Amino acid sequence: MHYIKRPDWALPESAATPEDVYLNRRALLAGMGLGAGLAMMPGRSEAAGVTPFQPMPATHSGYADAGRAITPEALNTTYNNFYEFGSSKRISDEAQRLNTDGWTVRIDGLVEDEITISTEDLIARMPLEERVYRHRCVEAWSMVAPWVGFELSALLDLARPLSSARYVQFQTFHDTDMAPEQRASWWPWPYTEALSMAEASNELSFMVVGAYGKLLHKPMGAPIRLHTPWKYGFKSIKSIDRITFTEERPVSFWEELNASEYGFWANVNPEVAHPRWSQADERVLGQDGRVPTELYNGYGAQVAGMYGDLPLQVGERFWR
Ligand SMILES: Nc1nc2c(c(=O)[nH]1)N[C@H]1C(S)=C(S)[C@@H](COP(=O)(O)O)O[C@H]1N2
Ligand SMILES: [Mo]
């Protein structure tokens with residue numbers, strides 16, 4: 001059963017100014033979108049361990065402010081990397097071809113039971129929160145997005161990976177009618193990315209289903225994407241339709257193209273230059289000048305403990 005195509009919190013652009021949405025977002029999430037969705041899905045909410053009108057957990061209040069201004073919505077939805085729709089930053093028109101109706105995510109590989117779940121079900125079942133995260137592209141530009149989504153760890157609980165699973169791989173759709181760019185044979189389509197299980201379980205790893213108080217915009221990776229804000233942006237894969245648990249470390253899209261420039265770990269580190277440019281500073285979208293880049297993009301408190309002696313370089317050739 002589908003509860004509604006468009007949650008109540010997914011206001012159309014015309015219904016509210018960004019400021020209105022921003023100020024009311026928490027109320028919308030707690031009181032309308034989440035509550036309405038669950039109310040129409042009796043049983044499932046209990047199974048998922050969430051109750052209607054559950055407030056945002058207090059432990060997540062630390063992500064309300066990214067320490068920088070939120071990037072204007074109009075800019076964030078028109079300056080994107082989404083190679084399925086072209087290799088320039090101006091793919092927002094092409095990305096309107098993305099058809100998210102009836103979108104499902106297949107969860108397979110080393111799991112108790114393989115499942116296929118719709119994004120609507122995920123939105124209804126998962127504990128939604130808003131998180132304002134910084135995002136640092138390996139190309140040395142950055143933005144700040146007010147995401148709506150849920151911790152990847154909540155999805156791990158649903159997926160029930162086997163103890164033999166050491167990595168989780170994410171895959172983007174592969175549909176040459178929707179994304180004609182995927183006919184280009186020099187790219188290793190579909191786009192894939194992967195995390196270690198420790199990284200996937202980290203509280204920062206976030207599955208994004210909305211932004212700016214609305215369902216996720218197509219150029220930003222609708223209807224569901226990953227965001228790992230301490231890693232270079234290419235790890236944050238868009239428009240996911242499959243999640244696979246593996247024992248072997250998967251080789252991702254960019255790693256397959258050029259492992260010395262886009263390695264598996266890809267943790268933000270201003271000390272280690274990309275082979276072709278510095279990573280010491282970044283251009284913040286919508287602002288003049290450049291600002292220093294921080295180790296782990298400023299999220300070291302949450303993630304540094306996972307890595308120990310592991311070097312932070314981009315390219316795999318530096319890794320032990
Ligand atoms: N499927 C897919 N996911 C992707 C990409 C892509 O080309 N295809 N680009 C990545 C890169 S390089 C970046 S910087 C971010 C950009 O996210 P944004 O357009 O929302 O800023 O998406 C990442 N996820
Ligand atoms: Mo990127």
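Worth knowing before you read on, the calculation uses all heavy atoms, side chains too, and leaves out hydrogens, waters and symmetry mates. Since we're looking at a predicted model, the values are computed, not measured. Just so you know, ligand 1 is whichever comes first in the structure, and atom 1 is the first atom listed for that ligand.
- Of the N and O atoms on the side chains of Y307 and W230, at least one donor lies less than 3.5 Å from an acceptor on the other residue.
- By the 4.0 Å N-to-carboxylate-O rule, E151 lies close enough to R131 to be salt-bridged with it.
- Annotation: atom 21 (O) of ligand 1 to nearest protein heavy atom, M143 CE, 3.4 Å.
- A ring-ring contact (aromatic ring centres under 6.0 Å, His included) with H227 is found for exactly one of F170, W147, F206, Y299, namely W147.
- Taking the six-membered ring where the residue is Trp, F85 and F173 present tilted rings, their angle falling between 30° and 60°.
- Side-chain contact check for E247 versus R166: some heavy-atom pair is nearer than 4.5 Å.
- Side-chain atoms of R225 come within 3.5 Å of backbone atoms of S236 as a donor-acceptor pair (strictly under, hydrogens ignored).
- Nearest protein heavy-atom neighbour of atom 8 (N) of ligand 1: E84 OE1, 2.8 Å.
- Closest to atom 13 (C) of ligand 1, if we only count protein heavy atoms, is G233 O, 3.5 Å.
- Taking every non-hydrogen atom of C137 and a distance limit under 4.0 Å, the qualifying atoms of ligand 1 come out as 14 (S).
- Nearest-residue assignment for atom 18 (P) of ligand 1 (options E193, K89, K238, H135; heavy-atom criterion): K238.
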Exercise. Where do S142 and R136 land on the side chain to side chain donor-acceptor pair (under 3.5 Å) test, with the steps shown first?
Worked result: CA-CA 4 Å; S142 67; R136 171 60 158 80; 6.0 Å; no
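- Listed by number with element, the atoms of ligand 1 under 4.0 angstrom from any heavy atom of N80 are 18 (P), 19 (O), 20 (O).
- Using a 4.0 Å cut-off between heavy atoms, E139 makes no contact with ligand 1 at all.
- Atom 6 (C) of ligand 1 has as its closest protein heavy atom Y191 CE1, 3.3 Å.
- Using a 4.0 angstrom heavy-atom cutoff, S236 counts as in contact with ligand 1.
- Numbered from 1 in the order shown, with element, the atoms of ligand 1 that lie under 4.0 Å from a heavy atom of I237 read 3 (N), 24 (N).
- Using a 4.0 Å cut-off to heavy atoms of F234, the atoms of ligand 1 that qualify are 10 (C), 11 (C), 12 (S).
- With a 4.0 Å heavy-atom cut-off, ligand 1 is reached by the side chain of W141 but not by its N, CA, C or O.
- Of the protein's heavy atoms, Y83 N, 2.7 Å lies nearest to atom 7 (O) of ligand 1.
- The side chain of T172, and not its backbone, has at least one atom closer than 4.0 Å to an atom of ligand 1 (non-hydrogen atoms only; side chain from C-beta on).
- Heavy-atom separations between R225 and ligand 1 include at least one value shorter than 4.0 Å.
- Scanning the protein for heavy atoms near atom 9 (N) of ligand 1, the closest one is N81 O, 3.3 Å.
- With respect to E73 and K214, a salt bridge is recorded, a charged nitrogen being found less than 4.0 Å from a carboxylate O.
- T244 and Q169 form no side-chain donor-acceptor contact under 3.5 Å, judged by distance and modelled atom types alone.
- Follow the hydrophobic side-chain contacts under 4.5 Å out from Y79 and you reach M143 in the same cluster.
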